[in-house]
Number of protein chains: 2
Amino acid sequence: MSMSDTFHLKIAEFLITQINNGTYACGDRLPSENELCAQFQTNHHVVRLAISRLINMGWVATYQGKGSFVKSRPEAFPYSLSAKTGFSSNLKGRPLAHRGQLMQWEKRHPMPHEARYLDLEMHEYVYDLRIKRFINEQPMSLSTTVIRAHDVPDLPDFLADFQSLYKILSEHYQIRPIRTKSIVQAIMPTLKDTDLLHLPENVPLVKIESFARHPSGHPFEYNVSKIRSDMCRYVIDF
Amino acid sequence: MSMSDTFHLKIAEFLITQINNGTYACGDRLPSENELCAQFQTNHHVVRLAISRLINMGWVATYQGKGSFVKSRPEAFPYSLSAKTGFSSNLKGRPLAHRGQLMQWEKRHPMPHEARYLDLEMHEYVYDLRIKRFINEQPMSLSTTVIRAHDVPDLPDFLADFQSLYKILSEHYQIRPIRTKSIVQAIMPTLKDTDLLHLPENVPLVKIESFARHPSGHPFEYNVSKIRSDMCRYVIDF
DNA sequence: AAGTGGTCTAGACCACGTG
DNA sequence: ACGTGGTCTAGACCACTTG
């Protein structure tokens, strides 16, 4: 190994080692920035660089006025996905309060890439649903679902008491979409994501683009989800 | 929207907007830090905070002595995965130079979590293979594969001219493992990851833990891969 | 030599919570 | 009031490339 030449990275590595050692356990407070400055004979700025690495790597969270605390890794909630299921249906029977909230929706023309996948002309219509999902009332993911409008006539009638899109599709349209593929990426949150998910730190998110087809065969749904993977396990079943 | 109160984030947002505008196209150089300092009437440090956000979000890459350049997003290479395939087999027939390199291997006792999944006692043995994968000679992923030793007797004999684990399994043992589930996370690279993948920046990685069983039914393989998702598309087929 | 990004020092001031 | 983290200023010095 040939790295870790800068001071702030050495400090970060040292602290990570101590956390792994057990010198600091989950929930413990790290020494204050001033104490670390004294300990390493350096200044605010360098110490903060080290700590921001710990934050980015998910080891600690900081709270203004309080300190930096070793994150408890809550043996992440499973958040399952497979060819035949949406999000909500997977957590049934688990002792986790799962909730999907419809933030907004609109009927609109498809974007070019949506039209391409959904096999639509640009003048046709799609429904665009923005859903925020919570586990134990903690915001966990943001998703955008785009479906062909003529597959779900009168959809707005069923959005009033929204619980789950797959529930609506199943109960009112007898449609159970079939996921064909997903594309996975790791991304940093935009400011809007940070805001909506109440991300206190600089956590990378899992972005999953999913494509699903109608049981009768034609393309049906295009979905983009951004998920906090530090707080939940995103499980894919084959 | 209610965010973006700090100066460096405003600068970052401004630059991102300009990139989206087309003011700066892929490959273009951004104004130098000094120029940005002048433009925004601020100093080195704040400008660098803004730029590090652009780096983290994957918009730009910086080169010492040269400048900051808008990243060309190379319409990422597809890197496919499904129940029945490993990595290598998916890229056949594509005009991409894909290569897997066996970095090291060892025969050892399983770790507790490995023993649990692989249904082994702690005194039994596993093979541990560390593989680095390249696309067009650019390092793309690091993976650790752990398999039960008694399923693959004399495995070391076949490691000399390593090309693909699934090829060895198929040709010498007539085994085609079946992936049962994967767990996806977004993580920041460790220093070692940064080093091995030659990551010039602070890019989040996709971490995928996969579990596969032997065709006869018993657990067979446990794999952890860390993948650059800024340079490739990780596609999951259902 | 001059310009670029990269690291570090030193200090001011603010926002937040009570060690 | 004091200590905590958060932001910003100002400047030094280094490493790298040739704008």
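Below, read A as the first sequence line, B as the second, and so on, with proteins coming before strands; counting in each chain starts at 1. These numbers were taken from a predicted model, which means no experiment stands behind them.
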Asks: For the pair made of NE2 in H45(A) and C1' in dC13(D), what is the distance, rounded to whole Å?
Replies: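 To the nearest whole Å, that distance equals 14 Å.
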Asks: Check the distance between dG3(D)'s C1' and H44(A)'s NE2 and give it to me in whole angstrom.
Replies: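 Going from NE2 in H44(A) over to C1' in dG3(D) covers 12 Å.
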Asks: What is the ring orientation for H45(B) with H45(A), classed by angle as parallel under 30°, tilted 30 to 60°, or perpendicular over 60°?
Replies: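 Perpendicular.
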Asks: Which whole-number value in Å describes the distance from D5(A) CG to dC14(D) C1'?
Replies: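 Computing the D5(A):CG to dC14(D):C1' distance gives 13 Å.
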Asks: Verify the neighbour count for atom CE of M57(A): are there more than 12 heavy atoms of other residues, nucleotides or ligands below 6.0 Å?
Replies: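 Yes, CE of M57(A) has more than 12 neighbouring heavy atoms, counting only those of other groups under 6.0 Å.
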Asks: Report the C-alpha distance between S68(B) and R29(B) in whole Å, list the side-chain angles of each, state the deciding distance to 0.1 Å, and finish with yes or no for side-chain hydrogen bond (donor to acceptor under 3.5 Å, both in side chains).
Replies: CA-CA 6 Å; S68(B) 304; R29(B) 213 202 72 179; over 6 Å; no
Asks: When you look at NZ of K167(B), are more than 12 heavy atoms from neighbouring residues, nucleotides or ligands closer to it than 6.0 Å?
Replies: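 Open: at most 12 neighbouring heavy atoms sit under 6.0 Å from NZ of K167(B).
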Asks: Which nucleotide in the set dC8(D), dG6(C), dT7(D) lies at the smallest distance from any side-chain heavy atom of R48(A)?
Replies: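 Selected nucleotide (nearest to the side chain): dT7(D).
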Asks: What integer distance in Å separates E33(B):CD from dT7(C):P?
Replies: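 Roughly 11 Å, once rounded to whole Å.
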Asks: May I have the distance from F40(B) (atom CZ) to dT9(D) (atom C1'), rounded to whole angstrom?
Replies: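 Rounded to whole Å, this separation is 17 Å.
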Asks: Pick base, sugar-phosphate or nothing for H8(A), based on heavy-atom distances below 4.0 Å to the nucleic acid.
Replies: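 Answer is sugar-phosphate: H8(A) comes under 4.0 Å of backbone atoms only.
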Asks: What is the ring orientation for Y222(B) with Y117(B), classed by angle as parallel under 30°, tilted 30 to 60°, or perpendicular over 60°?
Replies: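 The rings of Y222(B) and Y117(B) sit tilted, inter-plane angle from 30° to 60°.
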Asks: Of all the nucleotides listed (dT9(D), dG6(C), dC8(C)), which has the minimum atom distance to the side chain of Q64(B)?
Replies: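 So the nucleotide nearest the side chain must be dG6(C).
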Asks: Taking the minimum atom-to-atom distance to the side chain of T62(B), which one of dC8(C), dG6(C), dT7(D) wins?
Replies: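 Of all the options, the side chain of T62(B) is nearest to dG6(C).
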Asks: Nearest whole Å is fine: how far is dG6(C) C1' from L49(B) CG?
Replies: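 It is 13 Å, rounded to the nearest whole Å.
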Asks: Using atom CG of N34(B) as one end and atom C1' of dG11(D) as the other, report the distance to the nearest whole Å.
Replies: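 Taking CG of N34(B) and C1' of dG11(D), I get 13 Å after rounding.
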Asks: Measure from the side chain of V46(B), starting at C-beta and using heavy atoms only, and say which of dT4(C), dT9(D), dC8(C) lies closest.
Replies: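 Among dT4(C), dT9(D), dC8(C), the one nearest the side chain of V46(B) is dT9(D).
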Asks: Grab the CD-C1' distance between Q41(B) and dT7(D) for me, whole Å please.
Replies: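 Result: 18 Å.
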Asks: With the side chain of K66(B) defined as its heavy atoms from C-beta on, choose the nearest nucleotide among dT7(D), dG5(D), dT18(D).
Replies: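 That would be dT18(D).
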Asks: If you find the nucleotide of DNA chain C closest to R29(B) and the one closest to T42(A), which residue's nucleotide is nearer the 5' end?
Replies: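 It is R29(B), whose closest nucleotide lies nearer the 5' terminus.
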